[in-house]
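Here's the structure, in structure tokens; my notes come after.
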Amino acid sequence: MIGQHLLSVDQLTKQQVVTLMDNADTMRELDHKHIIASSGLAHTNLGLLFFEHSTRTRISFEIAARRLGANVILLQEAMSSTQKGESLTDTVCNLVAMGINLLVIRHMQQGIVQQLAEQVGRKACIVNAGDGAGEHPTQALQDIYTLSHCVNSLQSLRILILGDILHSRVAHSLIKLLVLMGVTDIRIVAPKNLLLSDEKQLKGTVVHDRLTEALPGVDVIYILRLQQERFSDQVGTVIFDQSSYIKNYRLNPSHLSLAGNQVHIMHPGPVNQGVEISHQLVDSDQSIILKQVSLGIPMRMAILTALSSPNMIA
Ligand code: CP
């Protein structure tokens, strides 16, 4: 089973990920045939609690949940009673008391979604939609799913992850998921002050100093957003020079000749065009950034279905 909550990719087995991808394919086929996928969430009140900005994750969960027949309730921080001093734990307990049995939560504080899950226990199901610089498991699942549609085999995949590894919850989840799925060629490029200091989190990867030395032969370049809003957070303070970053780490069209024409470019969004990636590459033939977004919906439908009927991926 996926478990009561989905908080980290650490909870998943390889077989569960494969099953989620198969189920996402089924959701996609049904949607293409204009068949309502399932009324599996018909009696579910699903709360979207976003205490940090989001476009893709929030809308993707909302579309996925509505397609499955859920009653979707949106709570945004600015309109909630947390503004009157209520703790987040009290907010969540009150929502659960009102019958909201599935909560998708994003928060800027690393680890807080896990704490809330401990608090509610088995009374409701909680999905981590991104906790600070911690994890973003559903993004990693949609990325693995996208890769499975775009490359011949995950096992022989050669992937380069480029940018702000330190603050990227996407990278933290994705690296672990790639390793779980048997990917053995994971290359990392980042300035030293944006690299993870905990070597355990880089297990299964090879860190390169220079972008040009890491590019030859890669199938996928996965670019990360510079998370400047986290440059002074609980992890520490980063001294950062954007012009130096652009000079040494921005992906430019000239880099593609080193990787090969068949290379795919991924980015979880939102994209800082011209900073971590040049404008031309965002809309290039190599970019599968919008495919990632589209495939996020069937993957989230599969995730929500698995959480509401856990035997589906037992
Ligand atoms: N990838 C991602 O989490 O995007 P949002 O911040 O727009 O949800």
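Atoms within each ligand, like the ligands themselves, are counted from 1 in listed order.
One finds a salt bridge joining R67 and D31 here, because a Lys/Arg side-chain nitrogen approaches an Asp/Glu carboxylate oxygen to under 4.0 Å. Remark: R169 engages E52 in a salt bridge, criterion side-chain N to carboxylate O under 4.0 Å. Under a 4.0 Å N-O distance rule, the pair E199/K203 does not qualify as a salt bridge. Remark: R230 does not engage D164 in a salt bridge, criterion side-chain N to carboxylate O under 4.0 Å.
Here the heavy atom of the protein found nearest to atom 7 (O) of ligand 1 is T55 N, 2.8 Å. Scanning the protein heavy atoms around atom 1 (N) of ligand 1, the nearest turns out to be P268 O, 2.8 Å. Distance from atom 6 (O) of ligand 1 to its nearest protein heavy atom, with residue and atom name: R106 NH1, 2.8 Å. The protein heavy atom nearest to atom 4 (O) of ligand 1 is R56 NE, 3.1 Å.
A donor-acceptor contact closer than 3.5 angstrom is absent between the side chains of H172 and E135. When only modelled atom types and interatomic distance are considered, T146 and Q142 share no side-chain donor-acceptor pair under 3.5 Å.
Residue contacts with ligand 1: R58 is placed with no nitrogen or oxygen under 3.5 Å of a nitrogen or oxygen of the ligand (distance criterion only). For ligand 1, none of its N or O atoms has an N or O atom of P270 under 3.5 Å away.
Aromatic ring centroids of F50 and H107 lie 6.0 Å or more apart.
The shortest heavy-atom distance from G269 to ligand 1 is under 4.0 Å.
Near T57, meaning under 4.0 Å from any of its heavy atoms, are these atoms of ligand 1: 2 (C), 3 (O), 4 (O), 5 (P), 8 (O). Of all the atoms in ligand 1, the ones that sit under 4.0 Å from a non-hydrogen atom of Q139 are 1 (N), 2 (C).
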